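For reference, the structure discussed in these notes is given below.
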Amino acid sequence: MDINAQPVRRDRPALGSPDLWLLRLSDAPDSFADTATLDAAERERAEALAQPADRIRFTAAHVALRAVLGSYLAVPPTEVRYAREECPCCGAPHGRPALHGFPEDLHFSLSHRSDLVLIGVSQAPIGVDVELVSDIQESDELALMLHPDEQAEAQALNPVRRPRAVARLWTRKEAYLKGLGTGLGRDPATDYIGLGTPQPRADWHFLDVPVDRGYVASAAVREPLIPTSLPPHRLTRHTPHHEPAPLPAVTAWGRPKSEAVDAFDGVHVRYGDVAS
């Protein structure tokens with residue numbers, strides 16, 4: 001993907017049909033490591049990260065975000081301007097991200113974990129989250145942060161299936177909290193969403209997003225969702241900045257049987273985005 005190519009405006013997502021973009025950092029173009037694409041605040045945040053891997057992940061994720069947003073706005077990634085809104089909990093400027101100087105009806109969210117970056121773009125407020133599936137012990141610890149009814153649902157599951165189900169619920173919940181603009185400033189135990197079919201919260205609706213093996217991902221959007229068989233876009237080093245992205249193997253509503261993953265994935269992980 002040549003982020004320096006002349007951008008051509010991409011059609012905005014239809015109402016009820018957010019666009020989702022998935023990037024494997026291991027497949028990211030070399031240009032996504034260029035901190036010159038970031039603004040001063042992003043470069044400062046990247047430099048503040050202690051671990052080189054976190055700096056690389058942060059830079060690639062935010063360059064990807066700028067490339068995606070630029071394709072909707074028909075501007076180069078360096079000209080995309082956005083900042084944080086006020087947090088609904090405390091009023092500090094670390095709430096939901098919002099574009100500056102562009103139409104207000106384009107909303108977006110970013111999440112990154114290990115090798116994956118997930119970006120959501122919508123005409124309504126949106127939050128996305130991607131996580132690794134933890135081991136059984138960490139899953140049980142994470143479940144203690146959930147709504148009491150969700151804790152009961154988790155304990156009723158077979159222990160082998162519990163980690164993936166809890167991780168899935170956590171991505172739904174964190175996507176919702178990011179969409180609200182509160183993040184984990186709002187207690188995850190406050191709202192019931194559920195391990196089964198997610199329960200809408202007021203005007204918020206949920207979409208489970210199939211991603212790579214060992215991960216789970218979700219989106220929360222403040223509008224009713226229209227079911228679709230179209231897959232999320234996948235960003236690769238071969239994706240031109242000025243053309244629609246190629247369709248990935250994983251669809252938004254199901255994974256090919258050869259890639260189906262329902263069993264326990266024993267991966268050590270901590271939850272919550274790293275400076276996303």
Side-chain angles (χ1 to χ4, degrees), residues 1-5 19-39 41-71 76-78 80 82 97 108-121 126-134 167-168 170-171 174-175 178 209-219 231-241 243-252 255 259 261 265-276:
M1 181 177 187
D2 180 7
I3 63 172
N4 296 312
D19 282 352
L20 299 174
W21 296 81
L22 189 66
L23 168 70
R24 284 196 190 106
L25 292 177
S26 56
D27 193 36
D30 294 340
S31 57
F32 278 26
D34 186 3
T35 58
T37 307
L38 306 179
D39 65 19
E42 289 168 328
R43 286 194 292 272
E44 182 177 351
R45 291 174 64 194
E47 292 168 0
L49 297 172
Q51 299 300 320
D54 289 341
R55 292 195 294 271
I56 293 170
R57 183 180 303 111
F58 178 94
T59 298
H62 285 78
V63 171
L65 174 64
R66 288 177 165 276
V68 167
L69 293 177
S71 72
T78 53
V80 174
Y82 58 83
F108 63 94
S109 182
L110 167 69
S111 180
H112 48 87
R113 169 65 59 223
S114 189
D115 192 47
L116 288 190
V117 175
L118 180 64
I119 297 168
V121 181
I126 184 173
V128 300
D129 189 52
V130 60
E131 301 285 356
L132 281 162
V133 177
S134 68
R168 169 72 69 193
W170 184 263
T171 63
E174 192 159 346
K178 290 170 72 173
V209 183
V211 286
D212 294 4
R213 186 182 185 89
Y215 295 83
V216 287
S218 299
H233 306 290
R234 188 180 290 274
L235 291 168
T236 74
R237 65 182 67 250
H238 306 297
T239 304
H241 179 45
E243 295 179 3
L247 300 181
V250 179
T251 70
R255 184 186 294 268
E259 299 182 15
V261 181
D265 295 289
V267 180
H268 183 81
V269 65
R270 60 189 176 84
Y271 282 81
D273 284 346
V274 179
S276 62

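Here the structure is a predicted model, which means the values were calculated and not measured.
- Side-chain atoms of Y215 and D115, non-hydrogen and from C-beta on, do get closer than 4.5 Å to each other.
- Contact between L20 and G120 at its shortest, heavy atoms only, is CD2-CA, 3.9 Å.
- The shortest non-hydrogen separation linking G127 to S109 is CA-OG, 3.4 Å.
- Side-chain atoms of I56 and L25, non-hydrogen and from C-beta on, never get closer than 4.5 Å to each other.
- In this structure, the side chains of D129 and L118 stay at 4.5 Å or more apart for every pair of heavy atoms.
- Across every non-hydrogen atom of T78 and A36, the tightest pair is CG2-O, 4.2 Å.
- Rounding to the nearest 0.5 angstrom, the gap separating the CZ atom in F58 from the CD atom in Q51 is 15.5 Å.
- Two residues are said to be in side-chain contact when any heavy atoms from C-beta on lie closer than 4.5 Å; T171 and V209 fail this criterion.
- Two residues are said to be in side-chain contact when any heavy atoms from C-beta on lie closer than 4.5 Å; E174 and S111 fail this criterion.
- Under the 4.5 Å side-chain criterion, counting only non-hydrogen atoms from C-beta, F108 is not in contact with V68.
- Expressed to the nearest 0.5 Å, how far OH of Y82 lies from CG of L65 amounts to 4.5 Å.
- Between the side chain of R168 and the backbone N or O of A217, at least one donor-acceptor pair lies under 3.5 Å.
- For the pair S218 and A175, the tightest heavy-atom approach, listed with the atom from each and the gap, is O-CB, 3.8 Å.
- Residues R113 and E131 come closest through the heavy atom pair NE-OE1, 3.2 Å.
- Between I119 and H233 there is no side-chain heavy-atom pair separated by less than 4.5 Å.
- Distance alone, capped at 3.5 Å, places no donor-acceptor pair between the R234 side chain and the L23 backbone.
- Distance alone, capped at 3.5 Å, is enough to place a donor-acceptor pair between the R43 side chain and the L38 backbone.
- For the pair T59 (side chain) and T35 (backbone), a donor-acceptor distance under 3.5 Å is absent.
- Put simply, the side chain of V63 does not reach to within 4.5 Å of the side chain of R66, judged on heavy atoms.
- A distance of 14.0 Å separates CG of L110 from CH2 of W21, quoted to the nearest 0.5 Å.
- For the atom pair I126 CD1 and D19 CG, the distance stands at 9.0 Å (nearest 0.5 Å).
- The two residues H62 and H112 come nearest to each other via the heavy atoms CE1-NE2, 4.3 Å.
- At least one donor-acceptor pair under 3.5 Å links the side chain of E42 to the backbone N or O of D39.
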